[in-house]
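Every heavy atom of this structure was used, including side-chain atoms; hydrogens, water molecules and symmetry mates were not. In listed order, ligands and their atoms are each counted from 1.
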Amino acid sequence: MSDVSLMVNGRRVSGVAEDRTLLVHFLRDNLGLTGTHVGCDTSQCGACVVHVDGKAVKSCTMLAVQASGSSVVTIEGLANGADLHPVQAAFKEHHGLQCGFCTPGMIMTATDMISRHPEGLDEATVRAELEGNICRCTGYHNIVKAILAASKTMAKASKGKAKQAA
Ligand code: FES
Ligand code: FES
């Protein structure tokens with residue numbers, strides 16, 4: 001057993017976990033953050049994606065002890081109180097979900113993707129970058145639409161902020 005101490009959604013948390021405990025299980029079972037899903041046992045589906053130190057990571061590919069000392073954001077930490085994150089809002093507006101099982105992972109992947117492409121995204125890039133996320137309802141068309149819309153909204157907002165600061 002090892003001590004695990006990390007920031008999760010801006011809060012310091014700690015616990016004890018077996019050395020073999022995966023980050024996804026630590027988040028779900030120790031912290032009750034069940035928005036991060038487990039959709040496979042082969043690291044293929046992406047339902048478990050969270051951000052670790054600002055980068056999208058499949059939390060079934062990392063041990064909880066490896067994440068100790070890191071800052072983790074899960075789907076539960078994305079909204080600002082009652083205000084949805086722009087990616088969440090875009091998924092809602094563009095019907096980017098059906099059963100919703102893949103949605104937390106899709107959204108965490110999308111927010112990372114958008115932040116790495118502040119100049120904007122095109123459809124081919126979004127589809128290529130979603131390679132590691134599987135939607136079993138095959139709702140890719142609207143998922144891609146939602147990500148493109150969110151990318152535009154966020155680029156506009158950051159241009160607005162830059163203008164205000166100038
Ligand atoms: S549960 Fe992590 S990739 Fe499927
Ligand atoms: S919305 Fe059902 S798996 Fe994607």
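Protein heavy atom at the shortest distance from atom 1 (S) of ligand 1 is Gly39 N, 3.4 Å. At the top of the distance list for atom 3 (S) of ligand 1, counting protein heavy atoms only, stands Gly46 N, 3.2 Å.
Between the side chains of Thr111 and His51, a donor-acceptor pair is found at a separation under 3.5 Å.
Of all atoms in ligand 2, listed by their number and element, those nearer than 4.0 Å to a heavy atom of Cys135 are 1 (S), 3 (S), 4 (Fe). Taking every non-hydrogen atom of Cys137 and a distance limit under 4.0 Å, the qualifying atoms of ligand 2 come out as 1 (S), 2 (Fe), 3 (S). Interface of Cys48 with ligand 1, defined as ligand atoms under 4.0 Å from a residue heavy atom, comprises 1 (S), 2 (Fe), 3 (S). Close contacts between ligand 2 and Gly100 involve ligand atoms 1 (S), 2 (Fe) [criterion: under 4.0 Å to a heavy atom].
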* **Asp112 vs Thr109, side-chain hydrogen bond (donor to acceptor under 3.5 Å, both in side chains): CA-CA, chis, key distance, verdict** => CA-CA 5 Å; Asp112 174 66; Thr109 295; over 6 Å; no

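Hydrophobic clustering keeps Val52 apart from Met106 (ILVMFWY residues linked when any side-chain heavy atoms are closer than 4.5 Å, directly or through intermediates). A continuous path of ILVMFWY side-chain contacts below 4.5 Å connects Ile143 to Met154, so both sit in one hydrophobic cluster.
In this structure, Ser68 and Ser5 approach most closely via the heavy-atom pair OG-N, 3.0 Å.
For residue Cys45, an N/O/S atom approaches atom 4 (Fe) of ligand 1 to within less than 2.8 Å. At a cut-off of 2.8 Å, Cys60 is not counted among the residues with an N, O or S atom near atom 4 (Fe) of ligand 1.
Comment: Arg116 engages Glu129 in a salt bridge, judged by a side-chain N to carboxylate O separation of less than 4.0 angstrom.
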